[in-house]
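Below, chain A is the first sequence line, B the second, and so on; all start at residue 1.
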Amino acid sequence: MSDSEQTEKNLDFIRTRVQTDQRSGKNEGRVHTRFPPEPNGYLHLGHAKSICLNFGIAQEFGGLCNLRLDDTNPVAEKTEYAEAIQSDVRWLGFDWEERFFHASDYFDQLHAWAVQLIKNGKAFVCDLTFEEMRTYRGNLVEAGTNSPYRDRSIEENLELFEKMKLGEFPDGSKTLRARIDMSSPNLNMRDPVIYRIIHQQHPKTGDKWKIYPSYDFAHGQSDSLEGITHSICTLEFEHHRPLYDWLCENLGIYHPQQIEFARLNLNYTVMSKRKMLRLVEEGHVNGWDDPRMPTLQGMRRRGYTPQSIRDFCEKVGVAKRDNVIEVELLEHCLRHDLNLCAPRKLGVLEPLKVTISNYPDGQVEQVDAVNNPEDPDAGTRTVNFSKHIYVDRNDFMEDPPKKYFRMSPGREVRLKYAYYITCTEVIKDEGGKVIELICEYDPQSRGGDTPDGRKVKGTIQWVDASSAQSCEVRLYDRLFKTPDPDKVEGGGDFTDNLNPDSLQTIKTALVEKSVIEMQTGKPFQLERVGYFCIDPDEAGSAKLVLNRTVAMRDSWAKANK
RNA sequence: AGCCUGGUGGUGUAAUGGUAGCACAGAGGUUUUUGGUACCUUUAGUUGGGGUUCGAGUCCCUGCCGGGCUGCCA
């Protein structure tokens, strides 16, 4: 089977549809999508799924994808967010070229269309208050009743709408409503509000407008104006589709196809802007870019690569059923990418002093270390080795269980890239805590092999005492301690499920000197420990702060649970 | 309650009337100068009940369960 036949077989339902449309010649074979966030918050992993879907489909089908800011509500929207959105989409690896739009670009046209609807008797100005409108709307089981203002004359509607536009009425006093069907089982069709009065500066249009179109009156028409062929959105917009269709038809404009898919959920995570906002505002995390946040900015600071996120979005698939993805899949994608591209370094989180008794005093030599075993082109580097080194405290056990391959009295281990050593003496403080190991090394084992070919089971990492760089390391764990943070016993909320140990700070870690040359945010591997990157905190100062991106998989720890 | 929508291993996703597959997770193993990686093996699934059909995850009926909808948010 050829590749094209292979890929053809496993398309998700949206791509299947796009392919069918393209082959049937719909829209002259054009494929044009868009990513339409509202600039009222930061982008998160859920948005990444949508971005990858929309931009991905455009790429795969030889089409285009626009970036459009859905800025129809100046109350919530800020330019700060608009800028962050652009930078995040670019960082993820997508390019909208010159096709950067705003719903507000279309306010004049949208207004004209509203007037057209009024002239056709399909929209009216309504004086009902918010509460009254709710009463008139009816409910899930009962039909609504017509607004007493529903049958105003076209002239009166036109005049009133003009006055709304001129700012002659206070917020909330009047709305423009589509005249559809108050008895529709779909509440969105019960004469929905399409324009509301908001006396508020708009980031793009300033004080030009006192009235703003609702989402429903802006979105489909924006799609139409941009020639979008497939308007992909999440499931909660499903009941809006009849209204989307009604507007395109009654306005007599080009009619894109709205298609809905199920949003992404991740266990041990909250994925809504509202909840993330609370985490930030209540100080449970240190801002939107806290490395524990599922925001693109947080993940980026944590050390996630765009490639790993794109890979993840591809692997989770697209369908209509509700889903909760296991974080293990995300971590798998992360480690998979990092394994391939992250340079290796040596470092110890909990330094334990080691003195090599038979190594010459004052001697310093340089040993060769491989930069990336997955990439021969990455080459090698040298690291200092001397009589005094540090190893990780958890790589030594005075009384180890069988199957423990690391250091213990009398057992020989390999210091990665350096020598075999054997612990000959354990030094403790008054409290009985091990504070230093005295070892002997085999001068013949330089580089990690001996002429007699004897094997050692354990290989551990280390740093040279005099040249190592000290640093602070921030170890992150999942932000919530339960898979579904919203599930709370007896009436609390998701903040009750916060993991108190989601951040552990180690102030006295030691890493090889060359770590300071790493670029902020660019992950590297501390061998056997995990992937880390330099945090922007303290950048430029002598202090070094490392974020743990993700730990190594650890089958030893798992086996011992 | 009404309307809409969905239900395939633990999780996610394929199979569009013809061998239920893939990935992650789990278990076991091989390799290994990272207890990493890679590779191999393996456990585990069509929501219940009827029907149509030579043949049903797929079509029909019905039950059950999940999600969404009563903003002048998007």
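Within 4.0 Å of Leu235(A), counting heavy atoms only, lies no atom of the nucleic acid at all. Counting any heavy atom pair closer than 4.0 Å across all strands shown, Leu128(A) reaches a base atom. Using a 4.0 Å heavy-atom criterion, one finds that Val324(A) contacts the sugar-phosphate atoms exclusively. Residue Ser272(A) is classed as having no contact, given no heavy-atom separation below 4.0 Å to the nucleic acid. Nucleic acid contact for Glu38(A): sugar-phosphate only, since backbone atoms but no base atoms lie under 4.0 Å from a heavy atom of the residue. No engagement by Glu331(A) is indicated, since no non-hydrogen atom pair under 4.0 Å with the nucleic acid exists. Here Ser555(A) lies in heavy-atom contact (under 4.0 Å) with sugar-phosphate atoms only. Looking at heavy-atom distances under 4.0 Å, Glu527(A) makes contact with a base. Within the nucleic acid shown, Pro373(A) comes within 4.0 Å of at least one base atom, counting heavy atoms only.
For Thr72(A) and rA74(B), the shortest distance from a side-chain N or O to OP1 or OP2 is below 4.0 Å. Checking the phosphate oxygens (OP1, OP2) of rU16(B), no side-chain nitrogen or oxygen of Thr16(A) falls inside 4.0 Å. Within the 4.0 Å cut-off from OP1 or OP2 of rG71(B), not a single side-chain nitrogen or oxygen of Arg177(A) is found. When the side-chain nitrogen and oxygen atoms of Arg553(A) are compared with OP1 and OP2 of rU37(B), one or more of them lie within a distance under 4.0 Å.
Rounded to whole Å, the separation between the P atoms of rC22(B) and rA15(B) comes to 15 Å. One P atom belongs to rG9(B), the other to rG2(B), and the distance between them is 29 Å to the nearest Å. Spacing between rU43(B) and rG29(B) at atom C1', rounded to whole Å, works out to 15 Å. The same atom, C1', is picked in rC54(B) and in rU47(B); the two are 27 Å apart, to the nearest Å. Across the P atoms, rA56(B) and rG17(B) are found 14 Å apart, a figure rounded to whole Å. As rounded to the nearest Å, rU31(B) and rG36(B) have P atoms that lie 14 Å from one another.
Distance check: Leu128(A) CG to Arg134(A) CZ gives 12.0 Å after rounding to the nearest 0.5 Å.
The ring of Phe130(A) does not lie on top of the base of rG71(B); it is either too far (5.5 Å or more) or too tilted (30° or more).
You'll find a donor-acceptor pair under 3.5 Å spanning the side chain of Glu374(A) and the base of rG36(B), going by distance alone.
The two atoms that bring Val463(A) and Glu512(A) nearest to each other are CG1-N, 3.8 Å, heavy atoms only.
Side-chain contact of Glu80(A) with Tyr42(A): a donor-acceptor pair under 3.5 Å is present, judged by distance alone. Side-chain contact annotation: Asp223(A) with Ser231(A), donor-acceptor N/O pair under 3.5 Å present. Side-chain polar atoms of Thr305(A) and Gln307(A) form no donor-acceptor pair below 3.5 angstrom. Of the N and O atoms on the side chains of Glu260(A) and Gln258(A), at least one donor lies less than 3.5 Å from an acceptor on the other residue. When only modelled atom types and interatomic distance are considered, His240(A) and Asp216(A) share a side-chain donor-acceptor pair under 3.5 Å.
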Toss me the dot-bracket line for RNA chain B: Watson-Crick and G-U wobble, both under 3.5 Å, 5' to 3', using | for pairs to another strand and [ ] for crossers.
.((((((..((((....[..)))).(((((.......)))))....(((((..]....))))))))))).....
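Looking only at distances, no side-chain donor or acceptor of Glu142(A) sits under 3.5 Å from a matching main-chain atom of Gly138(A).
Applying the 90° cutoff around 0 to the glycosidic angle, rG50(B) is assigned anti.
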